[in-house]
Amino acid sequence: MKPLSAEAAPGEIAAPEPPPCNFIRDIIAEDVKANKHNGRVQTRFPPEPNGYLHIGHAKAICLDFGLADEFGGRTNLRFDDTNPQKEDKEYVESIKNDVKWLGYQWDGLYYASDYFDQLYEWATKLIKDGKAYVDDSSAEDIRRYRGTLTEPGKDSPYRNRSIEENLGLFERMRAGQYPDGSRVLRAKIDMASPNLNLRDPVMYRILHAEHHRTGNKWPIYPMYDFAHGQSDSLENVTHSMCSLEFADHQPLYNWFIEQLGIFPSRQIEFDRLNLTYTMMSKRKLRQLVEEGRVNGWDDPRMPTLSGMRRRGYTPKAIRNFVQAVGVSRTNGTVELAMLEHFVREDLNRHAPRVMAVLQPLKVVIDNYPENQGEEMDAVNNPEDASAGTRKVPFSRVLYIEQDDFREDPPKGYFRLSPGREVRLRYGYFITAKSVVKNEDGEVVEVHCSFDPATRGGNAPDGRKVKSTIHWASAAHAIDAEVRIYETLFSKENPDEVQEGGNFTENLNPLSLAVIAQAKLEPSLANAPLGARFQFERLGYFCVDPDSKPGKPVFNRTVALKDTWAKVKRSRG
RNA sequence: UGGGCCGUCGACUAAUGGUAGGUCAAGUGCCUUUGGAGCACUUUGUCUAGGUUCGAAUCCUAGCGGCCCAGCCA
């Protein structure tokens, strides 16, 4: 049965479709139905503040916040800041900013470092219960004793120290009496477990490092595994979503909660988002930034939320995309085309239309009076009548797109060519009469005639033209820099390299093209930073922060779908 | 090679033992003052082999294929 939403009265908002099913929603719905935790739903988004958020994080954010919202629950933002060497305040600020930009507001704001005292106390309890011990082995010995994927590990020689000795040692670790790396606190579980995470995992390591929040208070820091589940538990998190690679950690997550007898948060793993022609590895994104292959974390080619924001993506488009992609436990890669569809869909509805000529070709209308001009009425957004109209100046000398004129038009080419009549959008019908060429034989000027009866773009005699092209009046146009982006990598999977190769070899040398002198209609002169437009027939563009008064810079967010390009391709 | 997770149109994802459906992509047509947008239509799929069952994408067994795990990272 088809939904009847299409029959809703014009202007009426169709009832939102029920969200597509997914296995996490099913789990939560069942728990709520069974009145588990009295039907309460609490989630959390737990980034480590060691880099900028990317589109992959957006999926986690939409899941954590979106599912909680659906069930009337709450969501915390918690920074998993247990490794001071990699973390920084700069990242926590950018993360907060990006989450808000995406459209979400957290209920509680926490840091794992808020729990360091509690965690320390819990570690002491485990020692007293004979469930944890201090190991003096070197990192290398610990690795050796851990065994391999196929062989069991062996007990550390320090595994059976007395509780009193362990307590004393751990206190001195905490007092800062030992150098980095000299000792660790380990959980006493099972060195023969087929799950390597259960082979006496490290709970605390010694790190004489300054933490961005706790300063020099702590010379020891808990590992992720000894912090995450307990943090969830302290926040009474009912459903703790994380990515698939943590599935092997779940038994350990549960083990600590059980040994400590604390609130039983439940971990649920889902698949990460992968996208073609880009990558989500924070480490590699950082490398691109540090090696100067891109211009910072917010380079519009980056898959970071800050990059996408600068590129002109809307939060709504990203949320819709994430919703459409869904969630499962398979490892797949979503086509970039799907992301682009959702920006176009959103921008098509909301972005005002303007005319801009990127590769200008001069057109002179010989029978239009010199030193005369007029203003044409142009529709701001055909998708939204309330957006109104504006005036666009017209005169004898114009610019059109170089692509919109062919001296020798190929078959199927509908645009301007000698003897052919086309419409100037919101202007007049014009017919090409002759061309002026430079010494290289390139057309640098097209002379046309116009039909005064077609003002506004309609012929009273009802004759049709096959093409409508955009233009800018030479005398009135403003100059702008326009940055055209292509995919950052030229391979669908940038990690696909020859033996011994490196992903940077797959960087697309054409990922950025700068047009220094585009010609824009004058209404764009004072467009505010971040403003988004459709340049008619070209794509969606937004104002970049590099803009200077009188010299705007535009980024192309995404091109319009280009049927002509498709025709050309299919004809070779 | 031990353990864990996972295989559904080209991509992503539904169907919870009972009609294999949706979105993107691709294609065809209509419409059009954006070769845009919109509308209509179309193509293509349950990894393989057995089994259970009136009935299997779903349950079982065995293969095959992919991903993750041997940090004092998260």
Side-chain angles (χ1 to χ4, degrees), chain A residues 6 17 20-23 26 46-48 50 80 82-83 85-87 135 137-139 142-144 146-153 180-186 193-199 201-207 220-221 223-225 227-228 242-251 269 271 273 276 282-283 321 323-342 344-345 348-349 353 355 378-379 382-383 412-415 423-427 456-458 464-470 534-539 560-567:
Chain A
E17 309 247 336
C21 287
N22 72 56
F23 76 100
D26 293 348
E48 184 188 14
N50 68 341
D80 240 335
T82 55
N83 186 356
Q85 293 173 319
K86 291 188 174 176
E87 298 156 7
D135 194 332
S137 305
S138 66
I142 288 180
R143 172 161 34 85
R144 249 201 309 271
R146 187 152 34 225
T148 69
L149 294 177
T150 53
E151 304 157 57
D180 287 5
S182 58
R183 267 168 253 260
V184 290
L185 183 71
R186 291 229 256 171
S193 172
N195 181 342
L196 294 265
N197 294 114
L198 265 18
R199 316 241 266 228
V202 172
M203 296 162 59
Y204 270 94
R205 76 282 216 186
I206 301 173
L207 237 41
I220 56 173
Y221 290 91
M223 298 289 289
Y224 164 86
D225 283 310
H228 200 96
C242 66
S243 45
L244 239 27
E245 67 267 29
F246 290 101
D248 288 342
H249 294 244
Q250 197 182 340
E269 308 89 13
D271 60 339
L273 173 67
T276 55
K282 252 194 229 179
R283 199 196 95 235
F321 166 71
Q323 162 100 225
V325 160
V327 59
S328 70
R329 291 174 69 93
T330 59
N331 308 86
T333 304
V334 177
E335 290 174 350
L336 219 218
M338 189 145 172
L339 210 211
E340 295 187 333
H341 164 80
F342 285 97
R344 287 197 190 98
E345 180 189 61
N348 175 48
R349 279 199 277 264
R353 316 288 132 121
M355 292 197 286
V379 172
E383 306 292 320
Y413 184 87
F414 301 150
R415 284 114 93 155
R423 171 168 41 232
L424 293 175
R425 177 142 236 226
Y426 304 122
N458 280 309
K464 303 283 185 197
V465 289
K466 289 198 95 170
S467 166
T468 300
I469 64 177
H470 60 276
Q534 184 193 107
F535 289 2
E536 294 218 34
R537 301 209 300 138
L538 297 175
L560 252 26
K561 282 202 263 181
D562 186 348
T563 309
W564 168 239
K566 208 173 280 178
V567 170

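Chain identifiers are assigned alphabetically (A, B, ...) following the order of the sequence lines, protein sequences preceding nucleic acid strands; residue numbering begins at 1 within each chain.
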Quick one: label A/Thr333 by what it contacts on the DNA or RNA (base, sugar-phosphate, nothing), any heavy atom closer than 4.0 Å.
-> sugar-phosphate
P atom, B/G66 versus B/C72: distance in rounded Å?
-> 29 Å
With a 3.5 Å cut-off and just heavy-atom distances, do the side chain of A/Gln534 and the base of B/G36 make a donor-acceptor pair?
-> no
Rounding to the closest angstrom, what is the interatomic distance between B/C9 and B/A57 at atom C1'?
-> 14 Å
For B/C67, take OP1 and OP2 only and decide whether either is under 4.0 Å from a side-chain N or O of A/Thr330.
-> no
Quickly work out the A/Glu335 CD to B/A26 P distance and round it to whole Å.
-> 9 Å
Watson-Crick or G-U wobble partner for B/A57, using a 3.5 Å limit on both distances?
-> none
Report yes if at least one side-chain N or O of A/Arg283 is closer than 4.0 Å to OP1 or OP2 of B/C73; otherwise report no.
-> no
Whole angstrom value for the distance that separates C1' of B/G35 from CZ of A/Phe535 = 20 Å
So what does A/Arg143 hit on the nucleic acid, given a heavy-atom distance under 4.0 Å: a base, only sugar-phosphate, or nothing?
-> sugar-phosphate
When the P atoms of B/C12 and B/A25 are considered, how many whole Å apart are they?
-> 15 Å
Can you check the A/Phe23 CZ to B/C12 C1' distance for me, whole Å?
-> 15 Å
Looking only at atom C1', what distance separates B/C64 and B/U23, rounded to whole Å?
-> 30 Å
For nucleotides B/C69 and B/U1, find the distance between their C1' atoms and express it as a whole number of Å.
-> 14 Å
Would you classify A/Tyr426 as touching base, sugar-phosphate or nothing, given that sugar-phosphate means primed atoms plus P, OP1 and OP2, and contacts are heavy atoms under 4.0 Å?
-> base
Ignoring hydrogens and angles, state whether a donor on the side chain of A/Asp135 or A/Ser137 is under 3.5 Å from an acceptor on the partner side chain.
-> yes
Roughly how many Å is it from CE in A/Met338 to C1' in B/G22, rounded to a whole number?
-> 10 Å
Show your working on side-chain contact (heavy atoms from CB on, under 4.5 Å) between A/Val334 and A/Leu273 and close with a plain yes or no.
-> CA-CA 7 Å; A/Val334 177; A/Leu273 173 67; 3.9 Å; yes
Verify the stacking flag for A/Tyr224 against B/A74: centroid separation must be under 5.5 angstrom and the ring planes must differ by under 30 degrees.
-> no
Is there a donor on the side chain of A/Glu269 or the base of B/G4 sitting less than 3.5 Å from an acceptor on the other?
-> no
Does B/U34 have OP1 or OP2 sitting under 4.0 Å from an N or O in the side chain of A/Lys561?
-> no
Kindly say whether, by distance alone, the side chain of A/Arg344 makes a donor-acceptor pair under 3.5 Å with the base of B/G36?
-> no
Which nucleotide sits closest to the side chain of A/Thr150: B/U1, B/C72, B/C6?
-> B/U1
Atom-to-atom span, CD of A/Glu151 to P of B/A70 - whole angstrom | 16 Å
Let me know the distance between CG of A/Asn195 and P of B/G3, rounded to the nearest Å.
-> 12 Å
Check every strand shown and say whether A/Arg329 touches a base, only sugar-phosphate, or nothing at a heavy-atom separation below 4.0 Å.
-> sugar-phosphate
Looking only at side-chain N and O atoms, does A/Arg146 come under 4.0 Å of OP1 or OP2 in B/C72?
-> yes
Among B/G27, B/U34, B/C73, which nucleotide sits nearest the side chain of A/Lys566?
-> B/G27
Write down the distance between CZ (A/Arg537) and P (B/G36), rounded to a whole number of angstrom.
-> 10 Å
Pair assignment for B/G2, Watson-Crick or G-U wobble, requiring both distances under 3.5 Å = B/C69
Provide, to the nearest angstrom, the distance between the CG atom belonging to A/Asp248 and the P atom belonging to B/G3.
-> 12 Å
